[in-house]
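A, B, ... follow the sequence lines: proteins, then strands. Residue 1 opens every chain.
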Number of protein chains: 2
Amino acid sequence: MRQGGDYARDANKRPTIEMVAQRAGVSRQTVSNAANAPHRLRPETLKRVLGTIDELGYRPSHAARSLRTRATGVIGCRLLPSNYGGTGGVLDRLLHALCDAARSSGYNVLAFSVDTDDEEIGVFDDLLRRNAVDGFVLANTHHGDVRPNWLLDQGARFVAFGRPWGVEHPRHSWVDVDGARGTSEAVNHLAGLGHTRIGFLGLGEGNGVGDDRYHGWQRAMDDMGLPVKGLVARAEDGIASGKALAEQMMDAPQPPTAFVCVSDAMAIGALRAAEDRGLAGGRDISIVGFDDSPVASVIRPRLSSLRQPVEGVAHKIVEVLLSELNGTQRRPSRVLLAPWLVRRESTGECSSVSVSATIPQKGRQQRKSPST
Amino acid sequence: MRQGGDYARDANKRPTIEMVAQRAGVSRQTVSNAANAPHRLRPETLKRVLGTIDELGYRPSHAARSLRTRATGVIGCRLLPSNYGGTGGVLDRLLHALCDAARSSGYNVLAFSVDTDDEEIGVFDDLLRRNAVDGFVLANTHHGDVRPNWLLDQGARFVAFGRPWGVEHPRHSWVDVDGARGTSEAVNHLAGLGHTRIGFLGLGEGNGVGDDRYHGWQRAMDDMGLPVKGLVARAEDGIASGKALAEQMMDAPQPPTAFVCVSDAMAIGALRAAEDRGLAGGRDISIVGFDDSPVASVIRPRLSSLRQPVEGVAHKIVEVLLSELNGTQRRPSRVLLAPWLVRRESTGECSSVSVSATIPQKGRQQRKSPST
DNA sequence: TAGTTTTTTTTGAACGATCAAGTCAGCCGG
DNA sequence: CCGGCTGACTTGATCGTTCAAAAAAAACTA
């Protein structure tokens, strides 16, 4: 009976490899081998040792193993602020998926939250110096990103979610979603509904993600022989911004009957602009967002949006990172996955049938994919 | 020059305490003391050693220190599925705040994603056996929750976010948000706008969080001498559910002019119900949600909602958990923090002024807080 | 059976830190 | 001049694992 009602903490210390060894009548190393290199044991011994391990509920100490092998089984990942509206929600979903994927490979995820890339490098530095992680997942890559080079200089292992925008010959692995393919698909979808004047609401030039999604729209419009003049507007992300851009475009002599948007926030902005002039989304005007953020399925009309295959991304990231850690990897991998369109109420048949029939439509169903 | 263009990984191994010691002309232990017990060194020596530490960029190896001290500096936390609509978003925000708070105390957060409480216990078991974490943060407590007792039995340290609902004498620390106080405040706010028939849309009885928020509404209504009969409806969480409940209540002979809702999902449901019968939220009917989820500020009308002080919660959780780890803590702490009302368009002056003036209103401004 | 190879198991030595106990000055009081 | 005391630093042991090499046991070979 312990004095003072202390928690029963160190009453039974967790079993060590030595205890298992004694109980099974073998040496430490044999127990270690039973777990790490079973083929080295005689079947009979193996069975006995595994039995004892199970009986005592033994698991190797993380610290001890990590000290010896210099591997931690931990992946570091920055927790990005969930800016709903923008690319919001996607990164939260990614983290979930990453944890899942990592755990099923015996890894864990160490999450940290910082405000700037510089602070992030500070955390990288700390974690690397302490040998607290094996590698990193880098999210939200952008033009002029200093993080990849810093990591490369340190000889650290990592995989980026997002392409190294603006870098000629990237020296690191990345996994990304093919935004261009997404916006292409959106154009195809809208054209299939009879729309011919399909506008694009995008981000200011120079934003990698924004440019990618823009090019997809442009390529699809060209391929189908649809006009693009006066149908592009680009600015910073946000509902207000999207609304302003949409209003401007709708005031033109030949307004679009549909919008493909670089984000759900822009799409919601466009929806608001339409509402303000009495147009109903999905009936009088069709709108497609990007990222399928939580709001998409809640607002009215429910918003059609391009959903990123986050689980697939996470799976690939972990796969690539692990092969990078094993040293199996000779040269960096590049993986591009396709998003898919979630069709909801905000997209419908084109109501203004005036010109649509006269426009030639070539290559309606094409699905050329630039993925790896 | 290394063959095959290998990454410059093990070129310069990270400095160990021994290297620092040699370079500074002292022993290992002195270096260790410089960092952990500076008062033991002569100022002169201290300066020299710290200089060398800085020069070499030395940080103690996480594994080695953890092996010796049996402390990891890591806190485990389950990543809950972000069910937007329900209590959604709050837990994502909490995780961010937790990482922040932990890091500023020199701790890190290990995130893992599981689907059920049983699986969560499995992860706890694994992490404890491997000695991979010092403690846990337990979110989403509920009636009949088996996790706290399991953890207590293991002698594990943890702090719950959420009260141990239905437990007489909880033997563990917890931090929670005072839901009752929140709904009380919502009632006060609405009454201040002239509303007298204020309905409550809640969760089915037996849900701790739901009951708490319900009681707050009820108490405030009683305190103000407002009628409650026929103004309560409770069911499972969700937009559809909220809509159905609101419709039912609005069909009654004396319909409410305002709703206090247990969640934003319910509130959105109520908003939809109102829209369907031509009532404008914020003008013809007022609605308050709970949790201030991302959608709240995006939908139209923008939804007034009770925001949980997530940063404060995270701060407290870390504070309590650390004192629990230090053994400073003799008995479990209970901390209750107040949410605050974010006023947006969905709440406005009561338009039907028929009866409101005749109802007596006692104790309008009271703010009794049951917090610790 | 002895010699050789192969398989199986054990023994010492790390990994890099901290704890506990040591040494070695210098100081003080008697 | 000696014993005790304090402050500043050092030395050995230890945490629990895995690696590398040695030893023992088993299995072939001739």
Starting from [atom2] on [N], measure out to [atom1] on [X] and report it in whole angstrom.
X: B:His39; N: D:dT6; atom1: NE2; atom2: C1'; value: 14 Å
X: A:Glu44; N: C:dT7; atom1: CD; atom2: P; value: 18 Å
X: B:Leu41; N: D:dT6; atom1: CG; atom2: P; value: 20 Å

B:His172 (side chain) donor-acceptor with B:Pro332 (main chain) under 3.5 angstrom
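No, B:His172 side chain to B:Pro332 backbone: no donor-acceptor pair under 3.5 Å.
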N/O donor-acceptor pair under 3.5 Å between A:Ser32 side chain and A:Arg28 backbone:
no
Pairs under 3.5 angstrom only: tabulate donor-acceptor contacts from the side chains of residues 43-50 of chain B to other protein residues two or more places apart or in another chain.
unit_1	atom_1	unit_2	atom_2	d
B:Arg48	NH1	B:Ala24	O	2.3

Going by distance alone, is a donor N or O of one side chain under 3.5 Å from an acceptor N or O of the other, for B:Arg65 and B:Asn36?
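B:Arg65 vs B:Asn36: donor-acceptor pair found between side chains.
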Residues from residues 45-56 of chain A lying under 4.0 Å of DNA chain D - heavy atoms:
none
Going 5' to 3' through nucleotides 10-20 of chain D and flagging B where a protein heavy-atom sits under 4.0 Å of the base, S where only the sugar-phosphate is that close, and - otherwise, we get BBBBBBBBBBB
Consider side-chain contact (heavy atoms from CB on, under 4.5 Å). Of B:Trp165, B:Phe161, B:Trp174, which one does B:Thr141 pass it with?
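Only one of B:Trp165, B:Phe161, B:Trp174 forms a side-chain contact (heavy atoms from CB on, under 4.5 Å) with B:Thr141, namely B:Trp165.
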Candidate list B:Arg157, B:Lys316, B:Glu324, test side-chain hydrogen bond (donor to acceptor under 3.5 Å, both in side chains), partner B:Ser173, passing option
B:Glu324
Going from CZ on A:Arg59 to CG on B:Leu127, what distance comes out if it is rounded to the nearest 0.5 angstrom?
9.5 Å
Return the CD1 to CG distance between A:Ile75 and B:Leu110, rounded to the nearest 0.5 Å.
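So the CD1 of A:Ile75 and the CG of B:Leu110 are separated by 11.0 Å.
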